[in-house]
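Everything on this sheet refers to the single structure shown next.
Per chain, numbering begins at 1; letters A, B, ... match sequence-line order.
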Amino acid sequence: MRYTDYLLPTLKETPADAEVVSHRLMLRAGMIRKVAAGIYNYLPLGLRSLRKVEQIVREEMNRAGAHEVLMPMVVPAELWQESGRWQQYGRELLRFKDRKEADFCLGPTHEEVITDIVRHEVRSYRQVPLNLFQIQTKFRDEIRPRFGLMRGREFIMKDAYSFDLDDAGADAAYERMYQAYRRIFQRCGLNFRAVEADTGNIGGSSSHEFMVLAESGEDAIVSCDSCEYAANVEKAELRAPAGATPEPAEGLTKVLTPARKTVEEVAAFLKTSPHRLVKTLIVRTDKGETLAVLLRGDRELNDIKLCRLLDCAWVEMAGEEVVLQATGAPSGFAGPVGLKLRIIADREVQGLADFITGANEKDAHFTGVNHGRDFQAEAFADLRKAVAGDACPRCDGQLQIWRGIEVGHVFKLGTKYSEALNAVVLDDQGRERVLVMGCYGIGIGRTLASAIEQNHDADGIIWPLPIAPFEVLVMMLNPNDAEVKAAAEQLYAELLGEGVEVLLDDRDERPGAKFKDADLLGIPLRVTVGARGLKDGQVELKERAGGAVAMLAAVTAAADIAERVRGARGR
RNA sequence: CGGGGCGUAGCGCAGCCUGGUAGCGCACCUGCUUCGGGAGCAGGGGGUCGAAGGUUCAAAUCCUUUCGCCCCGACCA
């Protein structure tokens, strides 16, 4: 491709509304442009990389035995009503009516549609296992789109769905997809971890997220420093505390704590540390219940764990009025002693004695509080958020905390959708069997953005070659110098002849501007053709990653470079 | 949806408080010079100041409403 024929609008300055590095660099490198919040144009350069990620995904899906289909983006309401999600999914589902006033939505995910295909076309156990996938534009009306392609409302997703006769088959399909995902993200040059995850509103029995490690990630994950255990913090299990509950040594004593409301304030006032306190959170559930949750003073509640325990959709911290009504005191002074609410405690609290809690009275706390003696907790459960240094639940190691970007998620769905939509086959006994499903998603654009988050420097992008928009950039330093022009043109033609994807910078720009753009675009190999090198019959080859420079004989440069490129493609 | 912020040329911004000729840098066009890390000189084009209403002799500037966008939170493959 000739730069002068191409639409490649690079920006010297960063658009003000771009916060994360991948968003900034994609805008500056002329890959994407915003149309509306969370909705983007892909310009030619951006599309080239996007297609490369798609192609890697496609190849690995095919390798794993999945077959590509394409489903519509516009989906009739009936299918979603049949699964029950028309009501459940919430405002993220963009709904609208056609001219006949019939309800439709833009598909945010396609379990219903794929299951509809399968229930119509698959009638026999001989037709499974079956795994179908598509690479398609999704729409989710996100509450808060942000970070460019990282969290768009419209985005491109690979979604695959497996159908098996039984759980063993479904487990095998899940494992094949899991391995395919590992290959995909390796080929994209990403540093990632597969972690255990919560299934959220997709449902199903278990799932893994594929997390790209990056500071800008919106998720926190834990991983063990000595075994393979890794999980989203939402999901991370904690090892049950060891040791028996100590015997109470102190009596219950009320102390005045004027205007000391937070754990830190109370601890400082009583000259002790936060972990000697037990905090009492008053929470409300989506079912309208108000209850108290006890946690060690320096811990944080993991509300996903609490929801799983209570079997509810969400919990929230109760407002000031509810707290006042439930405890008889303003917030900051709640405690379990004498409290007329259901009390659930983190199991860490079980191992504590003689702790400090609120007294359910303004400006007062209790010291020497002990469970069993001074109050009864209905249950002790794993409710707190994991922190760095916690014991691994699987081995003797310690947990570390990372930030991660979720680029893929695989789910064991079970029969949630196949049952709702009646996707059944006859087995070899002639009996009806409900198909067991799995679903598997990859955010294509998010994967691309993640690659930039992990591969850049102060000057611009540093593409891993397999997803680079071009493999080689040939810089014609001065197009007005006939010799330079001829040599660069010849190298360009030879590289094309070798099957290399090459961008020829034939612009009549000053060298400085061209070098800056080259660094910004991040094409892995840069060949500079200039008068200085040609004097000795040489061109300069520079690797964008690492910056290694080599002088090559102009006559054999194309073959040398093509060889390097083929070695780096990793198909 | 709660809290905060911003809408002035393609991009980055000043002007607004204290109403009175719409500006700067980059980008873009023309010419000359220059050419291995974002050139110099000269000339030039481009704006309903997000929108609507109001106050005023006069509104980018003051007031009201509204739309859009960004950040934090809640939420979320």
Side-chain angles (χ1 to χ4, degrees), chain A residues 9-20 23-24 27-28 30 33-39 89-93 107-111 138-148 150-153 155-160 181 197-204 207-211 218-219 232 234 286 303-304 307 313-317 319 405-411 413 439-447 459-460 475-481 484-485 505 507-520 526 528-535 539-540 542 547 549:
Chain A
T10 58
L11 303 175
K12 202 193 284 194
E13 288 175 286
T14 304
D17 53 9
E19 191 76 5
V20 299
H23 188 197
R24 287 203 297 262
L27 287 167
R28 288 193 53 211
R33 290 291 183 263
K34 186 173 72 179
V35 179
I39 299 177
Y89 209 88
R91 286 204 303 278
E92 219 178 300
L93 183 67
T109 175
H110 278 65
E111 284 81 8
K138 296 278 185 283
F139 193 93
R140 296 181 186 177
D141 202 355
E142 292 275 352
I143 299 169
R144 179 142 104 87
R146 58 181 144 183
F147 301 160
M150 209 72 92
R151 178 175 294 278
R153 295 147 91 198
F155 59 101
I156 297 173
M157 175 170 165
K158 186 284 300 180
D159 44 326
Y181 274 39
D198 188 63
T199 54
N201 72 355
I202 297 285
S207 77
H208 284 86
E209 289 167 336
F210 287 78
M211 291 284 188
E218 295 182 271
D219 289 280
N232 194 308
E234 293 178 346
D286 61 318
D303 53 346
I304 305 264
C307 285
W314 51 260
V315 295
E316 62 180 6
M317 295 297 294
I405 301 164
E406 179 192 355
V407 289
H409 202 157
V410 294
F411 296 84
L413 280 182
C439 74
Y440 317 92
I442 290 179
I444 302 289
R446 192 182 279 186
T447 299
D459 295 316
M475 294 239 302
M476 182 191 286
L477 262 200
N478 184 351
N480 300 312
D481 179 323
V484 168
K485 184 171 161 64
D505 189 350
R507 293 176 300 167
D508 186 10
E509 288 286 347
R510 297 184 56 91
K514 295 175 126 174
F515 284 126
K516 288 288 185 191
D517 274 339
D519 289 342
L520 176 61
R526 183 186 87 190
T528 305
V529 182
R532 192 188 288 174
L534 284 182
K535 239 178 10 202
V539 296
E540 179 202 273
K542 183 170 184 182
V549 175

So which protein nitrogen or oxygen atoms get under 3.5 Å of nucleotides 24-28 of chain B's nitrogens or oxygens?
{"unit_1": "G25(B)", "atom_1": "N2", "unit_2": "E13(A)", "atom_2": "OE1", "d": "2.9"}

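- Annotation: side chain to side chain contact (heavy atoms under 4.5 Å, CB included) contacts of E218(A) (sequence neighbours excluded): R146(A), F147(A), R151(A).
- The side chain of D508(A) approaches C35(B) more closely than any other nucleotide in the set C72(B), G38(B), C35(B).
- Using the Watson-Crick or G-U wobble rule with both distances under 3.5 Å, U64(B) pairs with A52(B).
- Annotation: G25(B) and A9(B) have their P atoms spaced 15 Å apart (nearest Å).
- Across all strands shown, A74(B) forms no Watson-Crick or G-U wobble pair with both key distances under 3.5 Å.
- Under 3.5 Å, the side chain of N478(A) and the base of G36(B) form no donor-acceptor pair of N or O atoms.
- Here the P atom of nucleotide G12(B) and the CZ atom of R24(A) are 13 Å apart, to the nearest Å.
- Rounded to a whole Å, the CG atom of D303(A) is 9 Å from the P atom of C76(B).
- Across all strands shown, F147(A) has heavy atoms under 4.0 Å from sugar-phosphate atoms exclusively, and none from any base.
- The salt bridge (charged side-chain N to carboxylate O under 4.0 Å, His left out) test applied to D519(A) returns R526(A), not counting sequence neighbours.
- As the counterpart of G45(B), no nucleotide is assigned, since no Watson-Crick or G-U wobble pattern has both distances under 3.5 Å.
- P108(A) meets the side chain to side chain contact (heavy atoms under 4.5 Å, CB included) test with W80(A), Y89(A), L93(A), R140(A); sequence neighbours excluded.
- Checked against G38(B), C69(B), C75(B), the side chain of A513(A) finds its nearest nucleotide in G38(B).
- Nucleic acid contact class of R526(A) (heavy atoms, under 4.0 Å, all strands): base.
- When the nucleotides G36(B), C69(B), C72(B) are ranked by their closest atom to the side chain of E540(A), G36(B) comes out on top.
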Distances for protein N or O near nucleotides 41-47 of chain B N or O, under 3.5 Å:
none

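- Nearest to the side chain of E92(A), among C69(B), C76(B), C72(B), sits C76(B).
- The phosphate of G36(B) (OP1 or OP2) has no side-chain N or O of R532(A) nearer than 4.0 angstrom.
- Set against C70(B), G38(B), G36(B), the side chain of D517(A) has G38(B) as its closest nucleotide.
- The nucleotide C24(B) finds its pairing partner in G12(B), both defining distances of the Watson-Crick or G-U wobble pair being shorter than 3.5 Å.
- Taking atom P in both U8(B) and G50(B), the straight-line distance is 6 Å, to the nearest Å.
- Side-chain atoms of A16(A) lie closest to G12(B) of the nucleotides C71(B), C69(B), G12(B).
- Judged as a side chain to side chain donor-acceptor pair (under 3.5 Å), and not counting sequence neighbours, the contacts of D159(A) are Q134(A), K138(A), Y161(A).
- You won't find any donor-acceptor pair under 3.5 Å spanning the side chain of R146(A) and the base of C71(B), going by distance alone.
- Base pairing of G37(B): no nucleotide in any strand meets the Watson-Crick or G-U wobble criterion (both distances under 3.5 Å).
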